[in-house]
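Following: one structure in structure tokens, then a few remarks.
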Amino acid sequence: MLYDSRSITANEYEKEVTVEGWAQEVRNLGGISFLILRDRYGVVQVTAPKKKIAPEVMQAITSLARESVVRVTGTVKPSAQVKAGYEIIPSSLIVTGAAQTPLPMGVVDKVDVETETRFNHRYMDLRKPEVRAVFEIKSLTMRLIDEYLADNGFVEVFTPKLVASGAEGGSTLFKVDYFGKQAYLAQSPQLYKQMLMSTGLDRVFEIGPAFRAEPSDTARHVSEFISFDGEMAHIDSQRDVMAMIEGCTQFVIAEVKERGDWALRALGCDVAVPKAPYPVVSYEKAVGMVQGAGFKIELGEDLGTEGEKLLGELMVQDGYEMYWIAEYPEAAKPFYIMEKEGTPYSYSFDLDYKGQEISSGGQREHRYDRLVQRMEKMQLDPKSFEFYLNAFAYGMPAHGGWGLGVERMVQKMLGLSNIRETILFPRDRNRLVP
RNA sequence: GCCCCGGUAGUGUAGCGGCCUAUCAUGAAGCCCUGUCGAGGCUUCGACUCGGGUUCAAAUCCCGACCGGGGCGCCA
């Protein structure tokens, strides 16, 4: 059996073990050599005193190229001089994956590496524990979302990613050739999850990729991201939807803190569970608040990145890292949102986390005639949405839902400056490789 | 798409018309060293994004291309 840096304990002292990992560093002092071997969970030190080691093993260690994969068999010896409390005295060393030199970038070098270089050599970048830890947390986050929603009666679904029309206009769609027909990569499961509301699968969720051909060039946009979508039927108002997201985010963050402890330590990051209940700030009130802070904006205008950040600062001052911005102007929202009758607003909300939108949702328009009216108002042709509209014509309950950017949530939770840090191989306007 | 900024050894940088045969660190190759953990000492190696132009002279100034960074719009 193979041991690793986490599974070697005092029980293994004086016993022979085999470990495999990357040769992070070799410190050769002449009469004694130290090999720092890194694996998923940490490092072990292999110590080779020249006089006690077979010459071929000594030769193998001193000539090792950094980042080569090696398998070492040896005896575990307790040692007060080593941070881990033990070291391995090797009896054999096999290079199972030699590394070429020089490396395209250092894993433990004392010089900085630019973001572009890191992403060009992502396999190497991900060898850094603090870079990799993000993905341990991201995986855990997904699992926790699953757990929470399953406990709340949600069915996990998978909607098509190859679609014939977009959910919110055509400009942000990636075109693909589909057996000679025009198709697109799905920008959102929106239409499909709503259709499901007419079936009896009255609580569904999906965690899957979404594609946006927006020419955005910011630290919080990529063209492929993981969207956590949910939709629930038989609701009384969008408050039911908000309560679900609030419960879910509270659960996820609290459990990440518990179960993701070791990964958070690798990141050197302290996660706080946001104060609940999350305050609900109406769009109207939000505009007033940023105006009060000296920001130039008129009612009806979008808050914009700056306004959003400013509002985030104001809310954090009051101790709230998460908060709702509710009832946006209906004109700024997609066709499927329900209008708030007699006002220019809508039954919609955004969930902001430290000044950045991570989720948006609301109550949907489930009344067929109103939905068609709203499409026409937004200059969309109901005919091209027939497959969707039909589901509203034969018995559709009131419903609402949300979309939440998983990476944005992880980014904000971990305090990362760029969403790309939460994506193994990010896709953006200038990056398609690797 | 718009505004600003930048591209120098494997990596990160200094230099910004002649003192450049281009700085420093890190790295790589080699040698010395028995307790390193940012090991130390010595030697060596390695670069001005590309194409035009200005000039006696271009890494340095101008134009274009390509690539990248920061911000905005839009959104998750």
Side-chain angles (χ1 to χ4, degrees), chain A residues 24-36 43-53 58 62-63 65-67 77 79-84 87 89 99-121 124-125 167-169 171-172 187-190 207-229 245 301-309 328 332-334 350-353 356-361 402-412 417-419 422-423 428-431:
Chain A
Q24 178 165 290
E25 232 175 316
V26 180
R27 286 190 280 268
N28 183 5
L29 276 66
I32 188 167
S33 289
F34 302 96
L35 161 64
I36 309 301
V43 294
V44 294
Q45 176 170 296
V46 177
T47 302
K50 199 172 187 176
K51 287 180 180 166
K52 298 178 185 170
I53 299 292
M58 199 66 198
T62 53
S63 62
R66 292 198 309 168
E67 294 303 320
K77 293 278 185 192
S79 167
Q81 294 167 89
V82 187
K83 280 176 188 164
E87 59 194 356
I89 312 297
Q100 294 178 15
T101 59
L103 299 169
M105 58 174 277
V107 176
V108 290
D109 279 5
K110 299 142 194 104
V111 291
D112 292 336
V113 187
E114 286 211 335
T115 312
E116 202 211 344
T117 310
R118 290 180 44 215
F119 282 101
N120 282 343
H121 308 285
M124 191 63 75
D125 185 43
E168 15 219 299
S171 63
T172 69
Q187 66 194 165
S188 155
Q190 185 64 34
I207 303 178
F211 305 91
R212 303 277 164 95
E214 291 156 2
S216 302
D217 223 345
T218 77
R220 62 191 180 284
H221 286 93
V222 283
S223 36
E224 178 178 351
F225 65 95
I226 302 297
S227 181
F228 159 36
D229 274 84
I245 306 175
E301 283 178 357
D302 197 84
L303 278 175
T305 307
E306 242 183 290
E308 219 173 68
K309 281 182 188 163
Y328 275 89
K333 286 286 161 184
D350 279 4
L351 177 62
D352 275 45
Y353 190 9
Q356 183 175 295
E357 177 186 351
I358 62 164
S359 176
S360 73
W402 69 89
L404 183 148
V406 172
E407 284 101 350
R408 281 195 180 177
M409 174 159 168
V410 172
Q411 179 198 350
K412 282 294 165 179
S417 60
N418 196 310
I419 195 168
T422 70
I423 302 172
D428 60 39
R429 208 146 63 116
N430 327 312
R431 188 174 284 282

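The structure presented is a predicted model; accordingly, all values stated were derived computationally and were not measured.
Separating the OH atom of A/Tyr328 from the C1' atom of B/A76 is a distance of 12 Å, rounded to the nearest angstrom. Atom CG of A/Asp125 and atom P of B/U11 are 14 Å apart (whole Å). In this structure, the CG atom of A/Asp352 is 12 Å from the P atom of B/A76, given to the nearest Å. For the pair A/Arg408 CZ and B/C74 P, the interatomic distance rounds to 13 Å; values are reported in whole Å. Rounded to whole angstrom, the span from the CG atom of A/Asp112 across to the C1' atom of B/G10 amounts to 16 Å.
Taking side-chain N and O atoms only, A/Ser227 has no distance below 4.0 Å to OP1 or OP2 of B/A76. A close approach under 4.0 Å does occur between a side-chain nitrogen or oxygen of A/Thr117 and OP1 or OP2 of B/G12.
Using a 4.5 Å cut-off on side-chain heavy atoms (C-beta onward), A/Asp217 and A/Asp428 make no contact. No side-chain heavy atom of A/Thr115 sits under 4.5 Å from any side-chain heavy atom of A/Asn418.
A/Arg118 comes within 4.0 angstrom of no nucleic acid atom, judged by non-hydrogen atoms across all strands. Looking at heavy-atom distances under 4.0 Å, A/Val410 makes no contact with the nucleic acid at all.
Nearest heavy-atom pair, A/Pro189 versus A/Asp229, reported as atom, atom and distance to 0.1 Å: CD-OD1, 3.3 Å. The two residues A/Val406 and A/Ile207 come nearest to each other via the heavy atoms CG2-CG2, 4.5 Å. Residues A/Ser359 and A/Ile245 approach most closely at OG-CD1, 4.1 Å, considering heavy atoms. The shortest heavy-atom contact between A/Val108 and A/Gln24 is CG1-CD, 3.5 Å.
In this structure, the salt bridge (charged side-chain N to carboxylate O under 4.0 Å, His left out) partners of A/Arg66, at least two apart in sequence or on a different chain, are A/Asp109.
In a base pair of the Watson-Crick type (N1 to N3 plus N6-O4 or O6-N4) or a G-U wobble (N1-O2 and O6-N3), with each distance short of 3.5 Å, B/G6 is matched with B/C67. Using Watson-Crick or G-U wobble geometry with both donor-acceptor distances under 3.5 Å, B/U11 finds its partner in B/A25. Under the Watson-Crick or G-U wobble criterion, with both distances below 3.5 Å, B/C72 is paired with B/G1. Of the nucleotides present, B/C32 is the one that pairs with B/G40 by Watson-Crick or G-U wobble criteria, both distances under 3.5 Å. With a 3.5 Å ceiling on both atom-pair distances, the Watson-Crick or G-U wobble partner of B/C61 is B/G53.
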- Query: How far apart are the C-alpha atoms of A/Ser33 and A/Met58, what are their side-chain angles, what is the distance that settles it, and do they pass the side chain to side chain contact (heavy atoms under 4.5 Å, CB included) test?
  - Reply: CA-CA 8 Å; A/Ser33 289; A/Met58 199 66 198; 3.4 Å; yes

- Message: I'd like to know whether A/Arg212 forms a side chain to side chain contact (heavy atoms under 4.5 Å, CB included) with A/Ser188, so could you lay out the CA-CA distance, the side-chain angles of the two residues, the decisive distance to 0.1 Å, and finally the verdict.
- Response: CA-CA 9 Å; A/Arg212 303 277 164 95; A/Ser188 155; 4.0 Å; yes

- Message: Across nucleotides 24-36 of chain B, 5' to 3', mark each nucleotide with B, S or - according to how protein heavy atoms within less than 4.0 Å reach it.
- Response: -BSSS----BBBB

- Each nucleotide of nucleotides 65-73 of chain B classed B (base within 4.0 Å of a protein heavy atom), S (only sugar-phosphate) or -, in 5' to 3' order, makes ---S---BB

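Toward the 5' end of RNA chain B, the nearer of the two residues A/Glu25 and A/Ile358, judged by each one's closest nucleotide, is A/Glu25. Taking for each of A/Gly403 and A/Arg429 the nucleotide of RNA chain B with the nearest heavy atom, the 5'-most of the two is the partner of A/Arg429.
For the P atom pair drawn from B/C50 and B/U11, the interatomic distance equals 15 Å after rounding to whole Å. Of the P atoms belonging to B/A22 and B/G46, the separation is 11 Å, rounded to the nearest Å. B/C48 and B/U44 are spaced 22 Å apart, taking the C1' atom of each and rounding to whole Å. Between the C1' atoms of B/C61 and B/G71, the separation comes to 28 Å (whole Å). Straight-line distance between the P atoms of B/U49 and B/A14: roughly 14 Å, to the nearest whole Å. Nucleotides B/C24 and B/G15 place their C1' atoms 11 Å apart, quoted to the nearest Å. On the P atoms, B/G6 is 14 Å away from B/U13, given to the nearest whole Å. Between B/U36 and B/U43, the two C1' atoms lie 23 Å apart (nearest whole Å).
Rounded to the nearest 0.5 Å, atoms NE2 (A/His221) and CD (A/Glu407) are 12.5 Å apart.
Contact check on A/Asp350 versus A/Lys333 returns a salt bridge, with a Lys/Arg side-chain nitrogen under 4.0 Å from an Asp/Glu carboxylate oxygen.
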